[in-house]
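Computation of the quantities below employed the complete heavy-atom set of this structure, encompassing side-chain atoms and omitting hydrogens, waters and symmetry-equivalent molecules. Quick note on labels: first sequence line is chain A, next is B, and so on, each numbered from 1. Every value quoted in this text rests on a predicted model; they were computed, and no experiment measured them.
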Number of protein chains: 2
Amino acid sequence: MQLHKHDVVAKAASILDNYGIADLTMRRLARELDVTPGALYWHFASKQELLGAVADHVLAPACADQPAAGWRHRIEIVCRALRDALLSHTDGAELVSASVAAGRSEAMALILSQLGAAAVEAGMDPGQAALAARSIVYYVLGFTADEQSRLQWDAAGVDVPEPSPTENPSTRFAFGLQLLTYGIGAEIDAGARLR
Amino acid sequence: MQLHKHDVVAKAASILDNYGIADLTMRRLARELDVTPGALYWHFASKQELLGAVADHVLAPACADQPAAGWRHRIEIVCRALRDALLSHTDGAELVSASVAAGRSEAMALILSQLGAAAVEAGMDPGQAALAARSIVYYVLGFTADEQSRLQWDAAGVDVPEPSPTENPSTRFAFGLQLLTYGIGAEIDAGARLR
DNA sequence: ACCTGAACACCGTTCAAGT
DNA sequence: ACCTGAACACCGTTCAAGT
């Protein structure tokens, strides 16, 4: 049976979920697909390109059309969807961070444009809005990667103390995000006073 | 001549600067130190531990005592020092991000406490302040990793378009950081209104 | 067009044995 | 105490040759 990109990405995602990113190697992936490592290079130019495809697969659920709402709420919805998507796969945040840092991920470009559009609606000019969108993504990726690595230490029996154990991760996530949306509001107010 | 931790870290930093993080391998490091790979494992338990030490070396200049100033200015000073430290070594942001995500970096803990102290001075309670500090670090690491990877594509001849080419990276960095400091101010105001 | 076989040039880590 | 030698169990990538 012929190998298709989709099958390769799906199998890669299953290795990711069951064994983590360290075990997601070209040779192992080939073995589980009952194929020779070289076969993968007919479909993908490099491991980096393959990981990019897996990243887009992970991000797909966060790319669904968002319901109409005020800019602040839209940002919260996109960011929650992004975090949920990352958390739903082992090492999801690490994988996506690496793919975003390296070659561009199409899915992340879409998410950035959704966040940017919300910032424009809030009253920012396009340049500021693009930067605000990127800042938000840095926060979500950083927070979630951190959260996910703590989860893994936890599962391994090592318990690392949470900085503030009173609130759960979702509440803490929302609080940090609020800092950024408040900042966007304040930035616009400050800009308006100068005009 | 005997091998000391300090020499190992220094040579690792020089490989990093001259060839990048991909070439910073245990075998290569051993070769350049005229030593066998096994020798490194007498001084460091693992590659991860060694990279952590290199990360602390990179972060050292950002750990100098900061002059007294208002909280907002203190945050800006720490963050500029952090970005400068990361930019002063090839792949500095990537290295530090990985080390921070994995085992704890002592230097980063110090930076987090400096940022947290500033947020407390601004009027946050310690739990909120710790989270605000982490959010700021996520931003600095994300922004700088992005900036540094663009620099590398640039140096390689590929030119990737900047989202908003009018302003230089330092100005853009300051703008994104301002979003967070404005957010801290707004958060405190919002909290005060509830009391 | 799609894949195998086999090679190339590497990795991190361990550990008995040497000095 | 500190390091070598040698091995173990892997990597990503390429490419002539097969079907």
At under 4.0 Å between heavy atoms, what does B:Thr36 touch on the DNA or RNA strands: base, sugar-phosphate, or nothing?
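Base, at least one base heavy atom under 4.0 Å.
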Answer yes if the side chains of [X] and [Y] hold a donor-acceptor pair under 3.5 Å, and no otherwise.
X: A:Ser14; Y: A:Asp17; value: no
X: A:Asp91; Y: A:Gln152; value: yes
X: B:Gln178; Y: A:Glu187; value: yes

What's the gap between D:dA9 and C:dA9 when it is taken at their P atoms, as a whole Å value?
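That atom pair is separated by 24 Å.
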Mind checking salt bridge (charged side-chain N to carboxylate O under 4.0 Å, His left out) for [X] and listing every partner two or more places apart, or none if nothing turns up?
X: A:Asp146; value: A:Arg150, B:Arg134
X: A:Glu121; value: A:Arg74
X: A:Glu147; value: A:Arg83

DNA chain C: 5'-proximal contact among A:His43 and B:Met26 (nearest heavy atom):
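Its nucleotide being nearer the 5' end, the pick is A:His43.
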For DNA chain D, write out the stems as range with range, using runs of 3 or more consecutive Watson-Crick or G-U pairs with both distances under 3.5 Å.
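Expected stems, ordered by start: C:4-8 with D:12-16, C:12-16 with D:4-8.
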List in chain and number order the residues that pass side chain to side chain contact (heavy atoms under 4.5 Å, CB included) with B:Arg28, two or more places apart in sequence or in another chain; answer none if no residue qualifies.
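With neighbours one apart ignored, the set is B:Ile15, B:Tyr19, B:Asp23, B:Thr25, B:Arg31, B:Glu32.
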Can you hop from B:Leu110 to B:Leu112 via hydrophobic side chains spaced under 4.5 Å?
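In one cluster with B:Leu110: B:Leu112, no.
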Give me the first and last nucleotide of DNA chain D, going 5' to 3', that has any atom under 4.0 Å from a heavy atom of chain B.
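Here the contact window of chain B covers D:dA1 to D:dA7.
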